[in-house]
> 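Below: one structure in structure tokens.
Proteins get letters first, then strands, A, B, ... in listed order; numbering begins at 1 in each.
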Amino acid sequence: MEDGRAERERLTLVARKPCFGLPTACPKSLPVYIYLRFSKIPFSLEFNLIHPDSDQLPFVESGDYVAYNNEKGGVIPNLKEDGIVDLDTEVSGVPEWVSIKAMVDSWLADAVMYELWVGCDGKSAQKIYYSDLPWPIGKLLYFKQVLVVKQLLGITSDNAERREEEIYSRAALAYGALSSRLGEQSFFFDNRPTSLDAAFLGHVLFVLHALPETSVLRSKLLSHSNLVSYAENLKVEYVDANLSSSSVPQSDPSSSASKRGPSHWSSKPRSKAKREKTEEEKKFRRRAKYFLTTQLVAVLIFLSLLGGSTDTEVELGDDDDGLNYD
Amino acid sequence: MAAPPDSGPQSKEPESPNPDPEPYEEIEEDEENEEDEDFEHEEGEEPKTMTPEARIRKDRANMEALFKRLSTERVPVRVHDVIIKGNTKTKDSLIESKVEAVFRDATSFQQLLRAASVANTRLQELDIFDSVNITLDAGPPELPGTANIVIEVTEAKNPLTGDFGIYSKPEARSWSLEGSLKLKNLFGHGDLWDGSVAYGWGQTSEVSTGVSIPRFKGISTPLSARISLLSQDWLKFSSYKEQALGLSLGLLSTGNHDLSYNLSWRTLTDPSQMSSHTVRRQLGHSLVSALKYGFKIDRRDSPMRPTRGYAFVSTTQIGGLFPDLRSLRFIRQELDLRYAIPLGFYRAALNFGISGGVVFPWGNGALSAPSYLPERFFMGGNSSPVCSLRGPTSVLGFKARGLGPAEPRRLVRDNSNDGSSSDSGIDHIGGDLAVTAFADLSFDLPLRVFRDAGIHGHIFACTGSLNKLTENAYKGFSLQKFRDSFRSSAGFGVIIPTKLFRMEVNYCYILKQQEHDQGKTGVQFSFSSPL
């Protein structure tokens with residue numbers, strides 16, 4: 001029991017299935033994994049294989065603290081706000097950084113979503129999301145997800161070709177801009193990893209390894225060799241290196257990553273999911289509930305006692321001849 | 001010609017021209033014998049100078065003598081033919097299959113009457129006829145000692161009926177308030193189609209449609225199939241919501257045995273995003289393919305207020321039988337034993353009961369795998385253990401799902417530090433090994449008005465224990481720990497039985513509870529419906 005509790009206190013990332021040589025093959029989970037590797041905080045990796053249509057995945061948990069993907073813009077903004085790990089303290093005010101990050105999070109994310117579910121034949125998506133679910137469930141959920149993606153991207157049968165062209169051209173623009181911004185550096189800004197690097201690296205690794213060779217997006221990416229080598233180098237250094245969960249976090253004075261544990265997160269106002277009720281209102285509602293229940297019960301008793309007296313004769317008659325013939 | 005006195009049901013009695021509304025009550029008066037020519041022949045020598053009063057007296061004496069003979073002597077007779085009239089849609093084979101067995105075995109007149117009564121009840125049970133009349137007729141004159149059975153049925157004029165009430169289906173886990181539409185006998189095989197909407201305790205809502213066929217071609221046991229969409233909301237207790245789309249097939253349902261197969265796609269979600277660690281790990285989709293076998297004996301005199309007899313129920317469920325190896329694999333076993341001893345005064349009775357259940361996964365790595373969350377055992381005090389036979393689920397005095405292993409929910413730091421939030425901040429995650437036991441003394445109340453209404457009082461004591469065995473927890477499990485895990489409560493109350501359910505108003509005192517249990521000492525209501 002004690003071991004279990006200690007295990008639960010450790011930072012854990014719950015992501016989707018690993019395949020194609022990647023620690024996790026989901027395009028949303030991979031950036032979070034890379035971000036945590038950048039921060040050099042020890043964490044353990046677990047997988048959820050049965051909930052492909054959940055937008056709560058990936059999530060990071062430690063004891064009773066959980067940072068879900070569908071709150072506050074994602075897991076990484078959550079971790080930053082709660083003070084677990086923040087790699088962007090020095091760049092978050094730079095307009096260029098913000099706009100490049102926005103481009104990666106919108107154009108490139110859309111392109112990956114399109115390519116994974118609509119553009120290619122769907123084999124990659126099946127393998128990542130549905131290979132551990134029983135066949136009928138997997139098939140139905142896959143078709144449902146394809147419809148959802150088409151709705152999200154605004155694709156109908158009329159504008160399918162137009163939208164595809166638009167999505168690919170935007171992706172190509174983005175690759176060009178990023179390629180020229182990166183040049184021969186190791187990171188995009190200040191020679192240190194930020195969440196922009198995590199997001200883009202996740203994207204590139206996914207496109208290179210998980211998408212099939214016939215993918216249009218993949219071929220567009222391959223035309224920028226500096227992006228490819230950027231990704232391969234970082235993969236060797238951060239992703240493929242052994243993930244030892246018991247390693248001591250290396251103190252890096254130049255990095256602004258705060259290594260405070262989750263027990264010291266700064267309390268910031270957070271909107272509660274349930275409405276707040278004042279004490280008086282609660283008491284009033286409870287009393288009203290008791291009152292209504294007692295009324296209903298009294299009516300039911302009255303009805304049954306009243307109805308019971310007229311039905312006794314018939315019941316007796318049935319009992320006489322109600323022989324059990326089974 | 002003098003008919004041999006021992007053969008044939010001979011009687012001269014007034015024919016009853018109007019069809020009987022309650023045929024099985026008046027079956028003795030329903031015999032018609034058309035062997036008048038023989039009888040008249042015999043009576044032909046009688047002097048015609050008898051006064052009407054004397055004739056009536058003589059007839060009456062004859063009738064009484066005949067009945068005396070019929071009830072005391074053994075009058076051998078066998079059934080020659082079964083004639084079915086009145087069925088336009090219903091297949092003859094269905095009616096014949098229901099009645100031929102009883103009539104074939106009847107060899108004497110008394111047995112024939114009894115068989116007719118049985119057959120009438122069976123046909124009424126099909127629930128597709130408005131009325132059933134069974135008439136005993138004389139057999140063909142060349143075969144003495146035979147009788148013909150004439151079955152006249154009136155099929156239900158309106159095949160569509162609506163229903164509203166409190167029911168329990170074998171596939172459901174608890175009882176519910178249900179409204180249903182039934183379509184009877186669509187294809188003539190006695191098939192019953194129904195569509196229903198049900199709302200039950202445990203925030204359950206279900207939409208389902210099903211069909212039940214009492215006999216289909218060669219298969220003599222009733223078959224039933226049901227497709228249902230079920231939604232259960234456990235957010236308040238365990239932070240998850242369950243949706244299930246299922247198909248269940250009733251394969252065998254005879255007397256004490258019940259075998260059914262259930263295939264369902266279950267989804268657990270957490271829209272509140274507040275669930276605890278265990279629940280978070282179980283959210284997602286699963287396919288449950290399980291075979292369920294139930295064995296039930298209930299020899300108590302009344303399910304609502306048992307005063308004598310015993311009952312035993314065993315339910316076994318084996319999951320993971322679908323060809324697809326990724327369906328959920330588990331074994332679940334429940335046992336119930338009830339015993340009632342009458343005490344003789346004030347209609348008092350002592351009721352004892354013990355229920356137990358265990359669930360665990362099987363297959364590779366089963367020892368360290370967790371059990372499936374909705375299949376675990378949860379205990380609470382909503383219903384009385386005396387009349388419900390649904391496994392180890394109730395310990396009076398505790399709230400629904402208020403007993404057993406619990407885990408803290410997700411911690412959300414807030415600006416307003418409210419210590420008094422409406423929910424307790426813990427999830428009840430159920431257990432793998434459950435045991436409950438109770439002792440209950442029920443007695444009539446001294447006032448006559450209560451006695452007539454069936455209202456009675458009771459004193460009870462109950463205890464329950466819920467433990468986790470999976471995920472290697474069985475290694476640290478010892479007898480001492482098991483003994484320590486028992487919670488108990490005692491109390492007294494008044495039971496008000498109504499037509500639909502049994503309501504109790506109890507004062508419960510919690511004798512022993514553990515941290516995180518939600519037992520409350522005080523006055524509580526509980527509702528139960530006997531299954």
> Does any heavy atom of chain A fall under 4.5 Å from the side chain of B:Ser276, the backbone, both, or neither of them?
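Neither; nothing under 4.5 Å.
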> With a 4.5 angstrom heavy-atom cut-off, which part of A:Thr12 approaches chain B: side chain, backbone, both or neither?
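Just the side chain, heavy atoms under 4.5 Å.
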> Can you say whether A:Leu57 sits under 4.5 Å from chain B via the side chain, the backbone, both, or neither, judging by heavy atoms?
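Answer is neither: A:Leu57 stays 4.5 Å or more from chain B.
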> Any chance you could measure A:Ile50, atom CD1, to B:Leu328, atom CG, to the nearest 0.5 Å?
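Interatomic distance, A:Ile50 CD1 to B:Leu328 CG, rounded to 0.5 Å: 8.5 Å.
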> Could you check B:Leu268 against A:His51 for side-chain contact (heavy atoms from CB on, under 4.5 Å), going step by step and ending with a plain yes or no?
CA-CA 9 Å; B:Leu268 300 182; A:His51 211 177; over 6 Å; no
> Which heavy-atom pair separates A:Pro134 from B:Ser327 by the least distance, and what is that distance?
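So the two residues come closest at CG-N, 4.3 Å.
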> If you count every heavy atom of other residues, nucleotides or ligands that lies below 6.0 Å from A:Phe284 atom CZ, does the total exceed 12?
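No, CZ of A:Phe284 has 12 or fewer neighbouring heavy atoms, counting only those of other groups under 6.0 Å.
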> How far does CZ of B:Arg410 sit from CZ of A:Phe59, to the nearest 0.5 angstrom?
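One finds 10.0 Å between CZ of B:Arg410 and CZ of A:Phe59.
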> Pick from B:Thr254, B:Asp270, B:Ile455: which one has the most heavy-atom pairs with chain A under 4.5 Å?
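Of the options given, most contacts go to B:Asp270.
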> Sort out for me which of B:Gly284, B:Ala453, B:Gly454 touches chain A most, counting heavy-atom pairs under 4.5 Å.
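If we count pairs closer than 4.5 Å to chain A, B:Gly284 comes out on top.
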> Under 4.5 Å from any heavy atom of chain A, what part of B:Glu407 do you find: side chain, backbone, both or neither?
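For B:Glu407, the side chain is the part near chain A, not the backbone.
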> Could you tell me which of B:Ala473, B:Pro408, B:Pro497, B:Gly476 has the largest number of non-hydrogen atom pairs under 4.5 Å with chain A?
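With the most close heavy-atom pairs to chain A, the winner is B:Pro408.
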> Pick one of side chain, backbone, both or neither for B:Leu283, based on which atoms fall under 4.5 Å of a heavy atom in chain A.
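Contact with chain A: backbone and side chain both.
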> Check whether A:Asn70 gets within reach of chain B through its side chain, its backbone, both or neither, counting any heavy atom under 4.5 Å.
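Just its side chain gets close to chain B.
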> Please list every donor-acceptor pair under 3.5 Å in which a side-chain atom of residues 291-300 of chain A meets a protein atom from a residue at least two apart or in another chain.
unit_1: A:Thr293; atom_1: OG1; unit_2: A:Lys289; atom_2: O; d: 2.5
unit_1: A:Thr294; atom_1: OG1; unit_2: A:Tyr290; atom_2: O; d: 2.4
unit_1: A:Thr294; atom_1: OG1; unit_2: A:Phe291; atom_2: O; d: 3.2

> Would you say NZ of A:Lys17 has more than 12 non-hydrogen atoms from neighbouring residues, nucleotides or ligands within 6.0 angstrom?
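Enclosed.
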> Within this structure, what is the CG-CG distance for the pair B:Leu245 and A:Leu140, rounded to the nearest 0.5 Å?
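CG of A:Leu140 is found 9.0 Å from CG of B:Leu245.
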> List the steps, then state whether side-chain contact (heavy atoms from CB on, under 4.5 Å) holds for A:Val66 with B:Gln273.
CA-CA 9 Å; A:Val66 184; B:Gln273 309 211 156; over 6 Å; no
> Applying side-chain contact (heavy atoms from CB on, under 4.5 Å), run through B:Arg281 and A:Val14 and close with a yes or a no.
CA-CA 9 Å; B:Arg281 289 291 182 275; A:Val14 177; 3.7 Å; yes
> Does a sphere of radius 6.0 Å around CD in A:Gln151 hold more than 12 heavy atoms from other residues, nucleotides or ligands, not counting ones at 6.0 Å or beyond?
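No.
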> Where on B:His285 is there a heavy atom nearer than 4.5 Å to chain A: the side chain, the backbone, both, or neither?
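Contact with chain A: backbone and side chain both.
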> More than 12 non-hydrogen atoms from neighbouring residues, nucleotides or ligands closer than 6.0 Å to CG on B:Asn364, yes or no?
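Atom CG in B:Asn364 is not packed in, count stays at 12 or less.
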> What's the spacing between B:Asp452 CG and A:Leu305 CG if we round to 0.5 Å?
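Between atom CG of B:Asp452 and atom CG of A:Leu305 there are 10.5 Å.
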> When you look at CZ of B:Phe450, are more than 12 heavy atoms from neighbouring residues, nucleotides or ligands closer to it than 6.0 Å?
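Atom CZ in B:Phe450 is not packed in, count stays at 12 or less.
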